[in-house]
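Please read the structure below before turning to the comments.
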Amino acid sequence: MDSGIVNGGASSDDILREIERLEAEKKEIENRILLLQAQLNNKTAPDACRKEDDTDRFPRPLVNSLRNGEVSGEGLSADMIYRYSRHLLLPDFGVEGQLKLLKSSILVVGAGGLGSPVALYLASCGVGCLGIVDDDMVELNNLHRQIIHAEAYVGKLKVKSAAAACRAINSSIKLVEHREALKAVNALDIVSKLLKLKRYDVVVDATDNLPSRYMINDCCVLLGKPLISGAALGLEGQLTVHHHNGGPCYRCLFPTPPPTAACQRCSDSGVLGVVPGVIGCLQALEAIKVATAVGEPLSGRMLLFDALSSRIRIVRHLVKMRGRSSHCVVCGENAAFTQQNFQNFDYECFTQSPMSDRSSPKLKLVPESARISSKEYKELVDKHEPHVLLDVRPAHHFKISAIPGSVNIPLSILEDKLPTIDLALREAGQVSGKHASLYVVCRRGNDSQRAVQYLNGNGFPLAKDLIGGLESWAQDVDRTFPIY
Amino acid sequence: MTLVIPLFRAREVTSMAEESEDTCAANKAGGVTKMQKTSDMEEREVGPWIEVKVLFFARARELTGLTDISLLMPPQSTARDCMSKLLNNFPKLEEIYNSMVLALNEEYVPESTVLRNRDELAIIPPISGG
Ligand SMILES: [Zn+2]
């Protein structure tokens, strides 16, 4: 097609861009309509406990005919019976299980990779009240695993996005959006003082960091709430039900937190999208079992999921004390941990790691004289100053994206590769006849400082760190540089 | 990090068993090499030594570069003995030593537990991602 005919000389690129823009707008409007429809449904549909009077909206002959009249459909409206019929047909679950579920309140902490399937399943299966806590925004790099969020919600609050998705599936349950991060200062209130009289019966830990795990555990022990704890990283997952019917808590298992280096995040180590999905589904299942007292919850046991070998192992605690540790500082025999202690406890300090990715500190390991900003580095490149740019990220990171011409020697093998650096510097110097300088870069500017520290003391006193790493390169110099 | 300890094939364990207590049969993380079948193990003479299979999870897997390893231990060895041998072979495991659970044949045990031939010892550090 001759683009000159359309729109008075606009190029096909312009037209494509315009189409893209309009499509995005269309999607946004469609999403808003969906949201409003869901809100409307919420307003017209009576809430869960009032629904029993509402039998004439979708009259069905099924009412009261289940389980030979042994348990009547009392408390379930006709449309509820229809909606949850596959649950009601389960002999081990039945009307009783569904009624318990409809009367229960469950709090999901975190609307991320684990929280997505947890919230979706709990909403669709008819938990009476579902609370979601999160203060994070949806990012594009969340979507491969955080399946509750749609593209239209990128840049918006996760808790809003999650609640909208849940509402779209089941408008008859009560949804509570807690738009804040769960912390020691607000956790007791959020967990125990939902709607005047009601409290959450079960808490699901779907967070992504160690301090939150200890904090949520301690909160649940203090308030006597069962805790469904799941975790996933890389290709592995873990799942346990804590503090249930006198069973052990998270601290019974792990009284001492691992050092910072040992607790990694998905944003550093990566995670295969389905892995938190699998664990999250199992968390939803355990939450339903605990809320309805159906079956044998995973208390005193830990499920280990290994995606690589497709293996699930279940490790049992010692039978004694149902696996609880008598020395546990929060749930043990002589534990003296009070709500006051809890609120004053510094969980980030205890675990030596931050609750939020956003607050991860920038290290300062080398003097200013051994550092250079990404803009300064760009100027040197433009002036053709002879140099070697050493990228110390792991090889699989280097493959994702790298500054052209940089040399990859991962920090872990730097020690053995000093001759290679020496050679590269000499080659770079030979071309211009001048002495070549050495710059070091990594993803965020921490490992590069560690490398410079080592290099400065081992024959490369002039090596310099590129401040802020590739993230600052992408931000301050090359906007098109792919970040991850 | 590259592994510094030598990796022996499972087959080599038999011949080296009498020579060195440091002998180990290791499977690379994600690799397909598997332990010998039970029938093979019954045929060979382990002598006074007991064979313990150690499973690594999460960070332990990363630090050792292995999913599991087979250790030959003197009889009456405890889980603690097994751990010190592992720490000897993989000093980096020190990082998680204070914050992991040990499971013997899928049950949590204290380090003082005495091991028996063909026991399976799992090293489980916590995962915190999500
Ligand atoms: Zn405890």
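Note on naming: letters A, B, ... go to the chains in the order of the sequence lines (proteins, then strands), and numbering restarts at 1 for each one. Keep in mind that the numbers below use all heavy atoms, side chains included, and drop hydrogens, waters and symmetry copies.
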Practice task
Among the options A/L233, A/L253, A/I279, pick out the one with the most heavy-atom pairs lying under 4.5 Å from chain B.
Solution key: A/L253
Handout entry: Heavy-atom donor-acceptor pair, B/E106 side chain to A/V315 backbone, under 3.5 Å
Key = no
Practice task
Below 4.5 Å from any heavy atom of chain B, which atoms of A/P257 appear? Answer side chain, backbone, both or neither.
Solution key: backbone
Problem - Nearest atoms (heavy-atom pairs only) where B/E120 meets A/R313 - result: OE1-NH1, 3.4 Å
Exercise for the section: With rounding to the nearest 0.5 Å, note down the distance linking CE in A/M302 to CZ in B/F57. Expected result: 10.5 Å
Handout entry: Top contributor to chain B contacts, counting heavy-atom pairs under 4.5 Å, from A/P394, A/S309, A/G280, A/C266
Key = A/C266
Practice task
Would you give the length of the straight line joining atom OG of B/S99 to atom CG of A/L210, rounded to the nearest 0.5 angstrom?
Solution key: 8.5 Å
Problem - Part of A/I314 within contact of chain B (heavy atom distance under 4.5 Å) - result: backbone
Problem - Within 6.0 angstrom of A/H327 NE2, more than 12 heavy atoms from elsewhere - result: no
Exercise for the section: Determine which residues belonging to residues 121-130 of chain B lie within contact range of chain A, meaning some heavy atom pair is under 4.5 Å apart, and list them by number or answer 'none'. Expected result: B/I124, B/P125, B/P126, B/I127, B/S128, B/G129, B/G130
Problem - Contact origin within A/R265 toward chain B - heavy atom pairs under 4.5 Å - result: neither
Completion exercise
Sorted by chain and residue number, the salt bridge (charged side-chain N to carboxylate O under 4.0 Å, His left out) partners of B/E62 (sequence neighbours excluded) come out as B/R59
Problem - Atom CD of B/Q76 with >12 non-hydrogen neighbours under 6.0 angstrom - result: no
Problem - Within 6.0 angstrom of A/Y121 OH, more than 12 heavy atoms from elsewhere - result: no
Problem - Any A/D306 side-chain heavy atom under 4.5 Å of B/R61 side chain - result: yes
